[in-house]
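Every chain is numbered from 1, with letters handed out A, B, ... down the list of sequences.
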Amino acid sequence: MDFTESFLESLGTLTLNKTRTGLAILGIVIGIGSVIALISLGQASQQAVQSQIQSLGSNLLTVQPGSISQSGVRGATGGSTTLTWDDAKEIAASSRITTVQKVSPEFSSRSQVITGGNNTNTQIIGVTPVYAEVHKITITSGNFITQNDVDTMAKVAVVGPQVVTDLFGEDTDPIGKTIRISGQMLTIVGVTESKGGSGFMNQDTIVYVPLTTAQKQLFGVNYLTSIALEAKSADLMVSAQDEVGYLLLERHKLSDPTQADFSIMSQQDILNMASSTTGTFTALLSGIAAISLLVGGIGIMNIMLVTVTERTREIGLRKALGAKKKVITTQFLTEAIILTFSGGVIGIVVGVVASYIISILISMTFTLSFSAIMLAFVVSTAIGIIFGWYPANKAARLQPIEALRYE
Amino acid sequence: MSANSIIQTTHLSKVYKNEVVETIALNDISFTIEKGEFVAIMGPSGSGKSTLMHILGALDLPTQGEYLLDGENVEKLSDDELADIRNRKIGFIFQAYNLLPRTSALKNVVLPMRYAGIPKEIRVEKATKYLKMVGLENRMEYAPNQLSGGQQQRVAIARALVMDPAILLADEPTGNIASVQAEEIMNVFQDLNDKGHTIIMITHESDIAEHAKRIIHLRDGKIINDGNGHKQKRAKNH
């Protein structure tokens with residue numbers, strides 16, 4: 001029995017009952033298609049998060065209140081008020097800190113921003129001028145918050161382009177216009193450059209105000225939500241983390257590092273955390289898709305069992321004419337593999353098209369996962385073998401007399 | 001056992017058992033068939049002739065006794081070994097023809113040669129030769145449902161001959177065929193027998209059985225008569 005012949009024979013049998021063959025394939029198409037689409041989207045979102053985080057600056061360390069639990073997941077930050085401007089000033093001034101070149105104390109909160117009839121709820125960050133250098137903020141019109149603004153507690157604001165669109169509509173020059181936050185009137189003095197992006201850390205929707213104004217006039221607090229530090233070089237990140245860590249432990253009168261009421265994270269740490277989050281989601285969704293693939297496989301097995309029963313007489317005849325077990329097994333296994341493999345190929349096409357459409361809809365870069373496609377080929381063939389095995393063996397074990405008698 | 005014997009059964013018996021009853025299908029069957037014989041096995045339904053045919057065709061194994069087919073002991077063989085024996089030694093002709101549906105006459109005849117691993121060119125050549133022999137050279141690409149019952153049975157005969165088997169085993173070969181065509185099929189059998197083929201035919205129709213040179217009568221799993229046919233003599237007297 002040469003392979004081409006039995007392949008053509010199987011193909012012939014499968015095209016006899018097109019509806020049934022089509023439905024059996026559909027199960028695999030949906031399974032493979034959803035696996036491909038979800039893996040591709042997962043990888044795309046992971047890349048998006050990574051590039052967003054990397055665009056924030058590479059030598060960046062962030063000090064935040066709250067501690068790192070043993071599993072590495074940070075506790076809630078909002079409740080902690082242990083980080084102060086004095087901490088930031090000490091880091092900048094101390095002779096023991098040799099690896100940090102810029103220190104940006106920050107207070108961040110969400111608040112309603114109102115102008116005329118429009119309002120939006122967005123992130124307000126109290127900053128000092130160094131913020132723009134540390135976070136690579138570019139101004140398209142006007143200027144950023146100045147040291148004088150901070151010193152005089154000026155009622156000024158620098159806004160992201162999305163805030164301008166939300167409050168004043170497209171193509172308006174907002175410089176000199178006023179917005180109201182927590183009952184205070186602030187004059188817009190600058191607009192930041194559009195960086196795009198959505199969801200996680202979208203810089204276009206931020207309103208920047210002088211740190212003093214934020215703490216004293218808008219929110220009435222005296223703590224910071226974070227201190228951003230720029231190390232002198234990427235190699236010095238770890239030493240900077242240590243130096244700042246020990247200084248803050250000392251200032252907060254803590255002897256045991258595990259009791260730290262703050263955490264210092266590098267871009268890499270944040271990147272890893274975000275990646276592991278999106279990775280978990282991708283794995284979870286792929287798992288669900290894999291279940292649908294399993295169901296598709298069971299569908300194939302069911303169809304093959306029906307086929308074996310239907311063709312009992314044919315199997316008996318073939319055995320009477322001298323077909324050995326292996327020949328019968330191969331014949332039915334070939335049919336099962338043709339089903340799942342063609343389902344796999346169609347599924348890959350469907351999955352790629354689906355992830356392309358979705359990536360356009362949610363404005364994300366489209367990535368084609370080559371490994372996912374290879375995996376789909378292997379998995380669909382493997383499903384054919386696994387779920388085709390039982391029916392094929394059942395066929396091969398039929399006794400020729402029983403099979404010939406079968407009506 | 002003579003050098004010419006192609007089938008030899010010794011005290012063959014077959015017992016079917018289920019939880020409740022034991023059915024004796026064949027009881028102490030011993031006979032020999034020589035090369036070139038044309039034997040009809042007759043008997044009413046339930047006489048065990050189908051069971052005997054299954055054992056002679058290596059589709060089933062006896063419970064007791066010995067069966068030698070063309071010098072090979074068909075006993076305690078695995079399924080695959082039995083398949084091989086059937087492929088090489090036996091040409092089956094069934095009452096319901098048992099051709100593969102939707103498959104051309106030529107491909108049906110080619111099938112046993114595929115299982116034997118004969119090269120493709122030889123397969124087509126031999127299949128064509130035997131289809132010509134049964135007078136179907138113009139019907140080679142026809143599917144079974146495009147052929148009459150007699151034509152289908154002739155395809156089955158070509159398929160049975162194509163591996164050059166030791167015996168042709170026919171189970172009610174004319175049972176589904178109109179009497180005129182049945183006569184044609186029997187003529188084909190007699191031609192084959194004249195050319196030296198050994199034929200064993202199971203039937204319950206006495207006029208069909210009488211084409212054979214020898215008739216074995218079965219009843220209740222036992223041979224009750226083993227003698228000459230009559231028509232054969234008449235045909236020779238013509």
Side-chain angles (χ1 to χ4, degrees), chain A residues 1-21 306-335 338 389 391-407, chain B residues 14 16 25 50-61 77-104 107-121 123-124 143-144 156 159-160 162-163 165 169 171:
Chain A
M1 286 278 286
D2 56 312
F3 179 74
T4 352
E5 211 157 10
S6 55
F7 178 79
L8 288 175
E9 198 171 67
S10 301
L11 212 57
T13 324
L14 289 173
T15 46
L16 279 176
N17 202 329
K18 291 194 181 65
T19 318
R20 182 200 289 175
T21 304
V306 170
T307 307
V308 168
T309 309
E310 269 182 359
R311 282 152 67 191
T312 301
R313 269 186 83 84
E314 179 201 317
I315 296 161
L317 171 69
R318 286 176 187 275
K319 294 196 93 176
L321 296 181
K324 293 184 179 157
K325 277 181 179 169
K326 207 180 105 192
V327 174
I328 304 287
T329 312
T330 310
Q331 189 191 344
F332 283 91
L333 215 47
T334 308
E335 282 181 31
I338 290 174
W389 190 258
N393 254 307
K394 199 181 163 189
R397 278 199 314 269
L398 279 174
Q399 286 302 309
I401 14 168
E402 303 297 331
L404 280 171
R405 276 199 204 117
Y406 186 86
E407 294 300 333
Chain B
K14 180 77 183 177
Y16 293 107
S50 288
T51 306
L52 181 59
M53 141 108 185
H54 289 150
I55 291 173
L56 295 181
L59 291 164
D60 203 356
L61 295 173
L77 292 181
S78 74
D79 285 358
D80 278 355
E81 285 164 331
L82 285 174
D84 193 48
I85 292 260
R86 291 192 292 270
N87 184 251
R88 288 186 292 112
K89 305 262 182 197
I90 299 158
F92 284 101
I93 297 157
F94 301 98
Q95 177 175 6
Y97 329 128
N98 285 0
L99 300 176
L100 283 188
R102 305 170 298 269
T103 308
S104 72
K107 282 192 175 159
N108 264 292
V109 178
V110 157
L111 198 61
M113 292 188 281
R114 273 174 60 191
Y115 295 141
I118 291 169
K120 203 168 186 173
E121 314 79 58
R123 280 187 231 162
V124 175
R159 182 180 65 189
V162 85
M163 284 297 291
L169 201 54
D171 184 11

Take B:H54 and A:R405, measure what side-chain contact (heavy atoms from CB on, under 4.5 Å) needs, and give me the verdict at the end. CA-CA 11 Å; B:H54 289 150; A:R405 276 199 204 117; 3.8 Å; yes
Greater than 12 external heavy atoms within 6.0 Å of B:K14's NZ: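 Enclosed: over 12 neighbouring heavy atoms sit under 6.0 Å from NZ of B:K14.
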Please determine, among B:D80, B:L59, B:I90, the option with the most heavy-atom pairs under 4.5 Å with chain A.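 Heavy-atom pair counts peak at B:D80.
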Closest-packed option against chain A by number of heavy-atom pairs under 4.5 Å, given B:A58, B:G57, B:A83: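 Option with the greatest count: B:A83.
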Where the side chain of [X] meets the backbone of [Y], is there a donor-acceptor pair that is under 3.5 Å apart?
{"X": "B:R86", "Y": "A:K319", "value": "yes"}
{"X": "A:K18", "Y": "A:T15", "value": "yes"}
{"X": "B:R123", "Y": "B:I118", "value": "yes"}

Can you check whether anything in residues 97-104 of chain B gets within less than 4.5 Å of chain A, heavy-atom wise, and list it by number?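 Expected list: B:N98, B:L99, B:L100, B:R102.
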Any non-hydrogen side-chain atom of B:Y115 less than 4.5 Å from a side-chain atom of B:R88?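 Side-chain contact under 4.5 Å: no.
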Side-chain heavy atoms of B:R114 within contact of A:V327, under 4.5 Å: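 No, side chains not in contact.
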Using a cut-off of under 4.5 Å for heavy-atom pairs, which of A:R311, A:E314, A:K324 has the most such pairs with chain B?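 The candidate making the most pairs under 4.5 Å is A:K324.
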Report, one line per pair, each donor and acceptor closer than 3.5 Å where one atom sits in a side chain of residues 391-403 of chain A; sequence neighbours left out.
| unit_1 | atom_1 | unit_2 | atom_2 | d |
| --- | --- | --- | --- | --- |
| A:Q399 | NE2 | B:D79 | OD2 | 3.3 |

For B:A116, is it the side chain, the backbone, both, or neither that has a heavy atom closer than 4.5 Å to a heavy atom of chain A?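 Answer is neither: B:A116 stays 4.5 Å or more from chain A.
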